[in-house]
Amino acid sequence: MACYLSFSVTSLNVGCTTNSQDPSVFHKLQTSKSTKQFNSLITKTSSLQHTQQPLYAKIISLCSSIIPSKDMSYIHSIFTQIHDPHIDICNTLMRCVLSSKCKENALLVILMYVEMMCKGLDLDKYTYPLVLKACVQLRELRQGRLVHAHVIKNGFVLDLYVVNNLMRLYGVCGCVGSVRKVFDRSPVRDLVSRTILIQGYVDNGYWKEGVDLFFEMTEGGLRADERMMVVVISACAKLRDLRLGQKLHKYVQSHKLNFDVFLGNALVDMYLKCGEPDVALIVFREMPTRNVISWNTLISGLAQRREFKQAISAFNEMQDQGVKPDENTLVGVLNCCSNLGALGIGKWVHTFIDRNGIQVAGFVGNALVDMYAKCGSMDDALRVFGRMRTKDVYSYTSVIVGLATHGKARKALNLFYEMLEIGIQPNEVTFVGVLTACSHGGLVEEGHKLFADMWRVHKLKPRIEHYGCMVDLLSRAGLIDEAMEFVEHMPMEPDASIWGSILAACRIQGKVELAEHVTEILVNIESEKDGTYILMSNTYASVGKWSDALEVRKAMKRQKIKKVPGCSSIELDSVVYEFRRCDKAHPRSKDIYAMVEQLTLHLTGTEALSNGSDYFIV
DNA sequence: GTAGGGTTAG
């Protein structure tokens, strides 16, 4: 075999001494911009014996720094051309390829590993962690198991780095049992192994088990470090267990652990998820350093608590402090906009996305589509959706739900069928949209068929909300008897929203007796809820039974049930204003009410019902 | 030259 690629010793010296054949080669290597140019330089250099190969490795690590391209195939091509490479060179090349953190390159590392085996090379303790890391990046369990077999065969089970990487691989591949097995059978373990073991449980949803393990270990005398605490606290956040969280926080304090940004972020997230936003904010303010993730944690955490306005002000503060938002920030903010109907802020975010060259794809694209749909700008939603190069079930679901709520039933359903044709599997939420479309479009037949398809075709078990959609569909179509029959045949206990649909239909059709029956059920389910009484009262009113309507109102008063004030919001110059019934908080509320009076007068010729008795208005 | 935090849709 000819053509073994390598550098001449002289060309290596080129950079440092004048004793060279071609003084420009080394300089060219350092300044080389393109892979092609670089490759041609390499192939021009002459042969090198493997005794000089450590020097060659140095060159290779230099290569990784001078070539910004993610295309590592040239490194692989160098690798394949070396006849008898030293293991250090292989490891260096592997590390270099792996550093780019993209899937294609991780695959390249595995390929290199296989080729090393074919060449009959003796792998060392540094090779296995690298290959296993590549498997982790790819979630490549099958290949990982083969590597595990080689690890055992070649006697590397005593190496901590190898063992820990093996455990990590099984963890990310969802094999908690294997993580445990490797741990239990390994004669070498350290704090890292223990952290990976706990993380294996936590990452796969066994939060309680992970936390229990932590206490078992610490009660046995183990001293946890910051990294282990981050894993355990994140498990606690998922468990929504405040008491436990406080206990862990105390552990951090009493053991004088370093309150770093990771630990801070984990604590902020935990307090937000456990329902203590005030404590979360205190911890957040106390953090010595914050990064973009700290802000994301705060913003998305507040959003999850439905504190959307507070989340937006956190976002504003973040910008005041000059922290650059990343894609996750924007997704969180867009989510707030969707819920507040804050179209202006949403549009601002869209502009920000465009100006910063952020791809409208994936999470960001989906959040943007959803924002426009929820803020009532369906045309914009469709425009963004149309421009997205790759659409997934979330993108489709957002527009389908959006169209359905905007009353564009046919268009929603057409998109649904288009989605199926492309081969995207719908999920439960997609069907909420599809059934809502049928309900709003009065498409009883199609609704029945699609409901049946859920399980028959897509193997999705209808949840209570789907039954709710069907009851709503039938009720709105005036088929109350069918709706009742549907409710009676439900496999689960109908909830308040389902009875609510029926009750609403009763009001429209003036079915007093059924309404009374349903109200009784509803009061038993949620006696404190105002909506039930109001619907019943309105049902009486709709058939002219005014005294009965009044009776219901009196009953409400007796039981101290107050109508929860409805809330609407409007956004002006990026500020969201909220209004409730009888709300006088706005500095110009006097003007606002005057305008309402005027408008009402204009529209109906009667005076607006300014205070109190709007129980009869749904 | 091993381990860690946050993420969209009804």
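In the text below, chain A, chain B and the rest are named by the order of the sequence lines, each starting its count at 1.
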Select one nucleotide: of B/dA9, B/dT2, B/dG4, the one nearest the side-chain heavy atoms of A/Val230.
-> B/dG4
Report the nucleotide, chosen from B/dT8, B/dA3, B/dG6, that has the shortest atom-to-atom distance to any side-chain atom of A/Ile293.
-> B/dG6
Closest listed nucleotide, where the reference is the side chain of A/Tyr161 and the choices are B/dG4, B/dT2, B/dG6 = B/dT2
Charged tip of A/Arg227 within 45° of A/Phe262 ring normal and under 6.0 Å = no
Send over the distance from A/Leu257 CG to B/dA3 P, rounded to a whole Å.
-> 20 Å
Under 4.0 Å between any heavy atoms, over every strand shown, what does A/Asp260 touch: base, sugar-phosphate, or nothing? Just pick one.
-> base
Whole-Å gap separating C1' (B/dT8) and CZ (A/Phe363) | 6 Å
B/dG4, B/dT8, B/dG6: which one has an atom nearest the side-chain heavy atoms of A/Gln199?
-> B/dG4
note: A/His406, atom NE2; B/dA9, atom C1'; distance rounded to Å ~ 15 Å
Compute the centroid of each ring, for A/Tyr128 and then for A/Tyr161, and state whether the two points are separated by less than 6.0 Å.
-> no
From B/dG4, B/dA3, B/dT7, nucleotide with atom closest to A/Glu226 side chain | B/dG4
Give A/Asp326 one of three labels, base, sugar-phosphate or nothing, depending on what nucleic acid heavy atoms sit under 4.0 Å from its own.
-> base
Any donor-acceptor pair under 3.5 Å between the side chain of A/Asn291 and the base of B/dG6?
-> no
Looking at every strand, decide which applies to A/Asn328 at a 4.0 Å heavy-atom threshold: base, sugar-phosphate, or nothing.
-> base
What's the closest nucleotide to the A/Tyr394 side chain, out of B/dT2, B/dA9, B/dG6?
-> B/dA9
Could one point to a donor on the side chain of A/Asn335 or the base of B/dA9 with an acceptor on the other under 3.5 Å away?
-> no
Taking only Lys NZ, Arg NE, NH1 and NH2, and the carboxylate oxygens of Asp or Glu, determine whether A/Arg194 and A/Asp225 approach each other closer than 4.0 Å.
-> no
NZ or CZ of A/Lys181 within 45° of A/Tyr170 ring axis and under 6.0 Å = no
Could you state the OH-C1' distance from A/Tyr396 to B/dA9, rounded to the nearest angstrom?
-> 15 Å
Can you check whether A/Leu443 reaches A/Arg410 side chain to side chain, under 4.5 Å on heavy atoms?
-> yes
Nucleotide nearest A/Val429 when distance is taken to its side chain, options B/dG6, B/dT8, B/dA9 | B/dA9
Would you tell me if any nitrogen or oxygen in the side chain of A/Gln304 comes within less than 4.0 Å of OP1 or OP2 on B/dT7?
-> yes
Given atom OH of A/Tyr170 and atom C1' of B/dT2, what is their separation to the nearest angstrom?
-> 17 Å
Tell me what A/Arg463 touches on the nucleic acid: a base, only sugar-phosphate, or nothing, going by heavy atoms under 4.0 Å.
-> base
Report yes if a side-chain nitrogen or oxygen of A/Lys273 is closer than 4.0 Å to either non-bridging phosphate oxygen (OP1 or OP2) of B/dT7; otherwise report no.
-> yes
Would you say the side chain of A/Val434 lies within less than 4.5 Å of the side chain of A/Leu413, judging by non-hydrogen atoms?
-> yes
Expressed in angstrom and rounded to an integer, what is the separation of A/Leu130 atom CG from B/dA3 atom P?
-> 11 Å
Rounding to a whole Å, what distance do you find between A/Met318:CE and B/dG6:P?
-> 16 Å
Measure the distance from CE on A/Met270 to C1' on B/dG6 and round it to the nearest whole Å.
-> 15 Å
With respect to the phosphate group of B/dG4, does any side-chain polar atom (N or O) of A/Arg168 fall under 4.0 Å of OP1 or OP2?
-> yes
Side chain of A/Asp370 (C-beta onward), nearest among B/dA9, B/dG4, B/dG6 = B/dA9
